[in-house]
Each structure stands twice: as C-alpha cells, then as structure tokens.
Amino acid sequence: MSGPARLSLGPVLYFWEADRLRDFYFRIAEETDVEIVYLGEVVCGKRLPFLSEALGAAAERLRAAGKEVVLSSLALPGERRDLAALRELAATADGPVEANDFGAVRLLRGRPHVLGPYLNVYNEGTLAVLARNGAVRCCPPPELPATAFARLVAGSRLEFELQIFGRQPLALSARCYHARSRGRRKDNCQYACGEDADGMPVETLDGRAFVAVNGIQTLSAGYVELSAAVEEARAMGVGIFRLMPQALDMVAVIGLYRALLEARIAPVELRARLAELAPGTAFADGYWHGCAGMARLAG
Amino acid sequence: MSGRETPAPERLELVCPAGTPAALRVAVRAGADSVYVGFRDETNARNFPGLNFSREELATAIAFAHDRQVRVFVAINTFPRAGEQELWRRAVDDAVSLGADALILADLGLACYARDRHPGARLHLSVQASAANPEAIALFEELAGIRRVVLPRVLTVSEIRALTEAIGVETEVFVMGGLCVMAEGRCLLSSYVTGQSPNMNGVCSPAEAVRYAEEEGMLVTRLGPVTVNRFAPGEPAGYPTLCKGRFLACGRPSYLFEEPVSLSALGVLPDLARAGVRAVKIEGRQRGRAYIERVIRTVRAAAEAVAAGRPVPLADLQELTEGGRETVGAYDKRWR
C-alpha cells in the first residue's frame, strides 16, 4: 500500500479489430508511462478467436517496455466455449490474472491473482476469504462508496485499485443487446458490437444520454471521472488508479492523470482538458459519494 | 391440510414466496413444499415497505409451516456493507436459532461465516451470487459448504442439464414471476440511476424514485432523472423498471433490453425435470395473496403432471402477469 501511486490501464472492453487493438497497445507500450496494463477479452467469448494473436503480441511488447501485464478473464463465462477459454487462461498464464468471475477465483486458488471489478466484493469478510484463496489485489465493484472503500482498505493487506476514468460497467446479460438492436440473436450476431468502438449510445425517449451497450454488457453513458477523489483515496491507502480505454486519445488521457498524480495539474484543469478530448461526454462521480452512479458532485 | 408428505425425490420441489405471514399461510395451504421469506430490513433482496418478517413473526411462521411438513427458507441475500457486517451476521444467527430449514445467501464471506458458526445449517446459494458455471459453484461448495444453488436466469435448459451433471450440489431454478433480464447480482442499473441497488440495499428501481407525469398528451414514467417510457392514451402503462423501459438506440425507440414480460417456464417444466433440477422457484414476495395462491396451485399441478408423465396443464395465468405477456426467457436459446 505504500510507495508512489501507480496508474493502470483496464482491459479494452469493446470489440476492436485485431490490428487496431495491436496498434493501440504498441502505442501504450511505447508512448506512455502507465505501470500496469490489463489485457484480455472480458465481455464475450465469441470475440476471442479473432483477438488472441493480437493480445499475445501486445502482451509481449508491453512486458518488453517494462509494464506489468495482467491477463483479464471473462466476466460471465457460462457457455462451454467460455469455460474452456477460462480454464486455458488459468492453466497457461505465465503472469498474474484478473479474476472477473468466481469460477476464475477457484481456478486461480493458491496463485497470486487480482480481484476484478465484476466480482461482488463488498465487505471485509469476503475480502478475507478471497485473500486466503490467493488474491493480492482488489479493484472493487463500481458502486462501492468511499466510506465502504475505506473500511475495506483499512482492514486488509491487499493492494487496492480504483477506477478513476472511463465508462462504468453496469450490467451483464445472457442476451446480446447489440444483436437485438439489429433484430438478430446472439448466435447470429454478425459481430454487430464491432461497429461501435466506444459502445452503442442508448438514449431516453426524450433524447438524453442513458447508457452504452457493448454486446452483452451495459455501461454508463458518461465517463466516471474521479480526479478530485484521488487525494482522499491515496490517504486511505489506495495505491493504483485505473483508467479504462475509450475510443479517444488514451495516450493524452494517461498523460493528464500522470500529471495529476505528480501534482502538475489540478482536477479542474484536468477535467477541462478531458472535455476537449471527449466532447459532449458527461463526467460522473456519484458512486464514490454514495449517490446515484450517474450523478456528478465535484465541480 | 396437515400431514402432507415431503415431496418424493421424483417430483420437483416447489419453492414459493411469502412477503408476509398471511402470504406464508396461503402458500403453505396452496401446495408449497418450501416457502422463502426475508427479515424486515436490508439483509434481503425484497426490502420493500410493508413486506417481510420480524423475528417473532418468523418463529410463528416456521411453527405453522413445520406443523404442515412445509419447510421455511430465509433469504439473507444482499451483500453486507463494509464495517456493518454485524446486521447480516445477526440475521444468519437468528434464522438458524429460529429453526429455518435453509439460509439463502449471496455473499461469499457471509456464507463462510454461516458455515463456521453453524456447521449444521443448510446453506443455499442465492441467485444473487451469480454462480452460473461449475467452477464458481464448486468454489462456494468448497469454501462455504453450500448444498444447493439457485441458478441465474442466463442458462438454457441444455446448459442447466450439463451444469447439474457437473456439480455436486442440488439446483433450483426460477419458473414463474418477474424476470431479471440482466444476470442477477451483476446489475447496477438501479443504483446508477437512484443510488439504491439490489446488491447493497435489496431494492431495484425503488418506488420512491418513481414519477408519473402527463406531457403532451402522453403519460411519461420516470425513475429518478431518467425517462423510462412514454405511453399513448389507452396504452397500458407499466412500472418503470429500467431494464423493461423503452429507449432510443440507432435512432429507433424500442424495448432494447426486454419488453414488460414476466417469466413462465411451465412449458419447459418436463425438460427441467429431465435436466436433473431438484426444485423450481416462484418469484414474487412482493405479490398479493390471490396471485400467490393461484400461481402455486398451477405450478403444483404442473409439477405433479410431470412426475406422473402426463402433459403439463398450461393454465391461463396471463391476467396475473405484467402486461399480460410471458416469456420462457433464457431457457430457450433464441431469447439471447
């Protein structure tokens, strides 16, 4: 928990083409100083065959650049194909793995692993059980308020990670809404999710941004932006701050948050610069303050 | 009504909801094998005003049910708040000491507490735990000794069969009532909009956040700041549950997640029995007694028909379902 704060880059949640994905990570490796990179298909097992090669190349390049690479597992492995992928990941990973389902937690027992944000870790009791199972780091669920976060961190020897930028994962389903929006079924989805690099915008009937759909996943429409909470979180003992990849200039985003951690830029200025990078996107911080997740409280 | 035998293993066990002591008595008389209830606080996933049981009411209810060979399960299936786990642990201790036949738990830490503190207690894994694969279920079995899993509504019948064969515990599945479109326990839509969630507060799309307004001749329903639907005059207006709302995607209004339907899986009951499912569950602790009674009688008749190898009598339950429409949900692969 001690030492300087580190930045992590969460897994790309969207179905980017293999070339785009590889180029993205090569840039992250060469042009950013992010310390930890989470890599892997979290949302849909159907995408994996198209991506494994690019992800492998990305992992190699990121490691060569001195980054810690963590392989992220599927969040809802239900179908036979998903389970096979999960078991293979657990059996062959040569580095740390982020568990995003309790099935992964079992397969990783006795080996150091990360508890991802899709696991329901809400309290000290569950955290203690999972620590005994081998967890070394925890990125709690998005809806956990600062008060609960503080309790978790205070009673644990694990490392803690807080998402401070990007869309918030809100729900998973057996049903693919990208396919449904095109009048298709999941089995015949024709990879509709690949058409929306930053998720499919969903609005209310009065035209306000509501959520973004990413295959079987539903995400917040706006981005969480917690620059104003970083100091408080660091004081609690949170040591890692996670940025989620969105379809915008992530190298610039990482640079802004590095400047924030080094006190070279204030949260207000960071948000103004972010607004230029992501025009029209709302920023939210409600969950951290114990309020509705879509709310925005900080200036 | 007394003296009913416990179900033969070859008949599906009926696990029925009771939001109040009166509903429990109705459920017992209507043919429930087991009734599930919750305490009157945020330890359970139907933490609604006017619902649920005090400790005294639970004691009386358990005596009533046990006299009639019906079991009572206590759902303690929200996730304990950090720093305040005592409230949830006390619920576990009290349910056990009052004689509950099983505890329905979602939180791994709480389940481990229950196993350590009450080694003899029968623990069921709530649907809210979202354990939908053999590895996840085995984790809860190994660490907390769970004896049954209530399966999330994300699996097809054939997946349920494969899963039931692959695991060492009993399976229970929902067959009637409200339908979560998202994987249970993995959905934050309600807290995203209102600050209150099923996982933390035991509520989804809470009533105090609901607003109805008349605008330009349309009835508009909102949850918090979010418009969930607009209804033309004469169009039946449903409760604004977020996942059953009408939204714009690709410029088109649609029920993007799910239409206002409820689950009815009676048609696949024989398949579920063949898949090795041990118990079927009816959702609806918030429902009225008339509904509960009618649904239980219908499902009981269906389960008996399945056990006897007769076709399932598909009664008309439609006027009791949301918007009068039903779906078999994820049990049919085409739903995905």
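For the numbers below, each heavy atom of this structure counts, side chains included, while hydrogens, waters and symmetry mates do not. Just so it is clear: chains get the letters A, B, ... in the order the sequence lines come, proteins before strands, and each one is counted from 1. Given the structure is predicted, the values throughout are model-derived calculations rather than measurements.
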Q.
I'd like to know if the side chain of A:Y122 pairs up with that of B:D107 as donor and acceptor (distance under 3.5 Å, no hydrogens or angles considered).
A.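 No, no side-chain donor-acceptor pair sits under 3.5 Å.
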
[Y]/[X] salt bridge by N-O under 4.0 Å criterion:
| X | Y | answer |
| --- | --- | --- |
| A:R180 | B:E259 | yes |
| A:R80 | B:E159 | no |
| B:K333 | A:E79 | no |
| B:E84 | A:R151 | no |
| A:R185 | B:D332 | no |

**Q.** Side chain to side chain, A:E143 and B:N199, heavy atoms closer than 4.5 Å
**A.**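 Result yes, sub-4.5 Å side-chain heavy-atom pair found.
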
**Q.** Non-hydrogen side-chain atoms of A:T126 and B:P80 separated by less than 4.5 Å
**A.**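 The answer is no, as the side chains (C-beta and beyond) never meet within the 4.5 Å cut-off.
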
Which atom names give the shortest non-hydrogen contact between [X] and [Y], and what distance separates them?
| X | Y | result |
| --- | --- | --- |
| B:G83 | A:E124 | N-OE2, 2.9 Å |
| B:G109 | A:V129 | CA-CG2, 4.3 Å |
| A:P145 | B:M200 | CD-SD, 4.2 Å |
| A:D101 | B:R186 | OD1-NH1, 3.9 Å |
| B:Q85 | A:G125 | OE1-N, 3.0 Å |
| A:S181 | B:L256 | CB-CD1, 3.8 Å |

Approximate separation, where rounding is to 0.5 Å, of [X] [atom1] and [Y] [atom2]:
| X | Y | atom1 | atom2 | answer |
| --- | --- | --- | --- | --- |
| B:L108 | A:L130 | CG | CG | 5.5 Å |
| B:C112 | A:R132 | SG | CZ | 7.0 Å |
| B:S130 | A:L172 | OG | CG | 7.5 Å |
| B:N133 | A:L83 | CG | CG | 5.0 Å |
| A:S173 | B:W335 | OG | CH2 | 4.0 Å |

Between [X] and chain A, with a heavy-atom cut-off of 4.5 Å, which part of the residue counts as in contact: side chain, backbone, both or neither?
| X | answer |
| --- | --- |
| B:E142 | side chain |
| B:I137 | neither |
| B:R81 | backbone |
| B:S254 | neither |
| B:L143 | side chain |
| B:A131 | neither |
| B:F257 | both |

Q. Does CZ in B:R117 sit with more than 12 non-hydrogen atoms of other residues, nucleotides or ligands closer than 6.0 Å?
A.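 No - once you tally the heavy atoms of other residues, nucleotides and ligands closer than 6.0 Å, there are 12 at most.
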
(Q) How about CZ on A:R111, more than 12 heavy atoms from neighbouring residues, nucleotides or ligands closer than 6.0 Å, or not? (A)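 More than 12 within 6.0 Å, yes.
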
Q: Could you label the plane-to-plane angle of the B:Y192 and A:F210 rings as parallel, tilted or perpendicular, counting under 30° as parallel and over 60° as perpendicular?
A: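 Ring orientation of B:Y192 relative to A:F210: tilted.
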
Q. Do any N or O atoms from the side chain of A:N120 and from the backbone of B:A129 form a donor-acceptor pair under 3.5 angstrom?
A.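 No.
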
Q. Highest number of heavy-atom pairs under 4.5 Å with chain B: which of A:V211, A:L127, A:D206, A:N123?
A.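 Top count of heavy-atom pairs under 4.5 Å with chain B: A:N123.
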
